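Have a look at this one.
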Amino acid sequence: MTAFPQREIRRAPETRISSYLLVEYLERLGVEVIFGLCGHTNIAVLDALSKSRIRFITSRHEQISAHSADGYARVSGRPGVVLSHLGPGLTNAATGVANAALDSIPMVVIAGDIPSHYYGRHPHQEFNLHQDADQSQIYRPFCKRVYRVDRAGDLPRVMERAFHLATSGRPGPVLVDVPMDLFSADLPVDAFHQVPAEIAPPALDPATAERIVQMLADAHRPLIYAGGGVLSARGSQELAALAEALEVPVAHSLMGKGCLHEEHPLLLGMTGFWGTPIANEKCRTADVILAIGTRLAEASSSSWDPRFTFAAPPTRLIHVDADLAEIGRNLPTELGVVADAKLALAALAGAARGRAHRDRGRIREEIRRGRRAFAEEWAHQWTSDQFPLRPERILNELRKAVPEDGFVVTDVGWNKNGVAQQFSITVPGTFITPSGLATMGFGAAAVLGVKVAAPTRAAVALVGDGGFGANPNVVATAMEAGLNVVWVIMDNAAFGTIAGLENMHYGTTFGCVFERNGKPYRVDFAAMARAWGAHGVMVESAADLGPALREALASDRPAVVQVPMENAPTPTPGYWNINDIYRKGD
Ligand SMILES: Cc1ncc(C[n+]2csc(CCOP(=O)(O)OP(=O)(O)O)c2C)c(N)n1
């Protein structure tokens with residue numbers, strides 16, 4: 001019998017619709033929640049999500065989705081994922097994504113775009129004034145990478161790259177822009193086979209660790225300056241071990257708040273414009289500073305003016321950061337190291353253990369006295385009974401009501417500056433704030449993602465009435481998603497921080513206060529919360545606040561506690577160059 005070669009029978013590979021494969025891939029990557037808002041370009045993904053174990057949290061504004069994803073990422077340590085519609089959906093989300101970018105928060109934004117076959121025909125909701133299907137360009141200045149997917153077959157590879165880039169090195173947002181028809185295309189069932197590689201973060205080599213430890217040990221007035229990178233790397237224990245081994249005081253940036261227990265005897269506090277005098281003074285007079293996980297940003301560095309916070313030189317600066325581009329940018333740097341903050345601190349603490357160091361005199365006593373002297377300036381305000389309340393009284397009641405491991409999420413305004421300066425944070429990572437972009441509207445929305453990431457812990461947003469008013473429909477999202485967060489609104493009937501600044505320089509608060517017929521105009525946000533089915537209380541005396549907070553924290557619903565407050569400025573022991581710029585005309 002003649003043996004004929006077997007003819008290969010070619011079958012079409014088994015395929016499925018891409019959006020279902022995409023969602024299964026996200027499940028495999030460990031995505032547990034997606035924040036977003038619907039549109040005709042992304043409902044294919046929504047249908048796939050409806051069949052998956054990934055939770056979808058819808059909001060009433062894409063900025064809320066992006067801030068919530070940001071809050072979720074900060075607490076969970078996983079990338080936040082946002083699903084957006086094209087055009088106005090993506091532009092609405094932009095502020096939240098940009099805020100995440102400037103605070104180095106890992107995020108993947110998946111956006112629908114116009115159908116690919118309408119390219120060049122200017123279809124509905126497309127940005128095309130300079131180029132067809134151009135929406136992804138809007139995200140270029142603040143994304144680590146912007147991907148536009150042109151073929152369905154590219155989607156798996158692009159998704160893998162997006163998660164890889166968002167989470168590795170210096171984390172940040174990545175946009176994946178997908179023509180809507182590609183969500184309904186057929187793909188081989190195994191198309192999404194590649195997952196991001198596990199990355200071993202860069203460590204500090206032993207010789208450099210030895211050199212840095214020796215510089216710190218020999219220094220007369222050494223100092224460690226900790227930034228948000230220490231917290232995102234979960235490096236607080238290693239930081240404490242290094243500081244204690246060499247008896248080196250620790251100051252921190254805004255993002256570094258909480259890097260050490262507030263009562264740690266070597267903790268100086270925050271630097272810069274809204275910092276503390278002792279932290280600014282010790283930084284300015286240090287002979288060696290080890291800055292780690294920080295970009296030495298303007299506000300925390302008193303606009304880099306050597307008279308206030310950092311004077312390098314003569315200070316010799318060592319700078320350890322995940323991002324090479326940050327090193328040497330703002331201050332002359334003697335030694336730069338690209339390393340993960342936790343690994344670097346572990347190596348340094350190991351090298352420092354048992355090491356002889358120069359006598360630090362009475363550094364702990366100096367810190368204690370310096371911190372106490374500044375705190376005494378406002379001590380009487382912490383118990384003030386005045387109504388509308390003093391902001392310090394609000395902080396006092398909040399600190400007593402929120403468990404130590406509860407989260408305090410701020411916005412911008414008195415809330416951010418006051419908490420960073422005066423509020424005790426004892427558990428690392430429980431202070432969440434928008435630093436780089438300082439976005440009004442962040443706090444009220446980010447708290448939702450914080451609660452999703454840590455559902456059993458208290459989550460409180462401390463926000464101004466201006467900031468809360470930017471997007472009050474966060475309450476609706478919290479109600480629908482069953483997120484029992486608390487918003488504490490410091491209500492001074494103004495964009496108070498800017499009103500104070502304008503008044504200081506121009507003698508007016510024009511355009512910065514809320515008025516109707518010449519009188520302060522207050523929105524009853526507590527009533528609004530009740531209208532949405534949430535718990536809402538308007539505080540009517542200083543004595544009301546403590547019980548109101550406890551009731552809100554114990555509530556089985558989201559809660560708004562609105563607190564009428566005096567518009568008083570936060571103390572500014574540092575410097576900000578803007579104050580030298582304003583000129584008043586005739
Ligand atoms: C989106 C956005 N717009 C404008 C600003 C400028 N800004 C900084 S603080 C502030 C006032 C915030 O007012 P409020 O939330 O009431 O807090 P307060 O200053 O009264 O404590 C404004 C408008 C900003 N940071 N973000």
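We count ligands from 1, going down the list as the structure has it; atoms in each ligand are counted the same way. Everything numeric here is computed off the predicted structure, so don't read it as measured data.
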R60: salt bridge (charged side-chain N to carboxylate O under 4.0 Å, His left out) partners, not counting sequence neighbours:
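R60 satisfies salt bridge (charged side-chain N to carboxylate O under 4.0 Å, His left out) with E480 only.
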Practice task
Applying side-chain hydrogen bond (donor to acceptor under 3.5 Å, both in side chains), run through S65 and S59 and close with a yes or a no.
Solution key: CA-CA 6 Å; S65 301; S59 69; 2.8 Å; yes
Residues at least two apart in sequence or cross-chain that pass salt bridge (charged side-chain N to carboxylate O under 4.0 Å, His left out) with E62, listed by chain then number, are none
**Report entry** F310 and Y225 aromatic centres sub-6.0 Å
**Finding:**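 For F310 and Y225, the ring centres are under 6.0 Å apart.
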Check: Any side-chain heavy-atom pair from V463 and F442 closer than 4.5 angstrom?
Finding: no
Residue pairs passing the salt bridge (charged side-chain N to carboxylate O under 4.0 Å, His left out) test with at least one member in residues 97-111, sequence neighbours excluded, are R74-D103
Using heavy atoms and a strict 4.0 Å limit, residues surrounding ligand 1 turn out to be V412, G413, W414, A438, M440, G464, D465, G466, G467, N492, A494, F495, G496, T497, I498
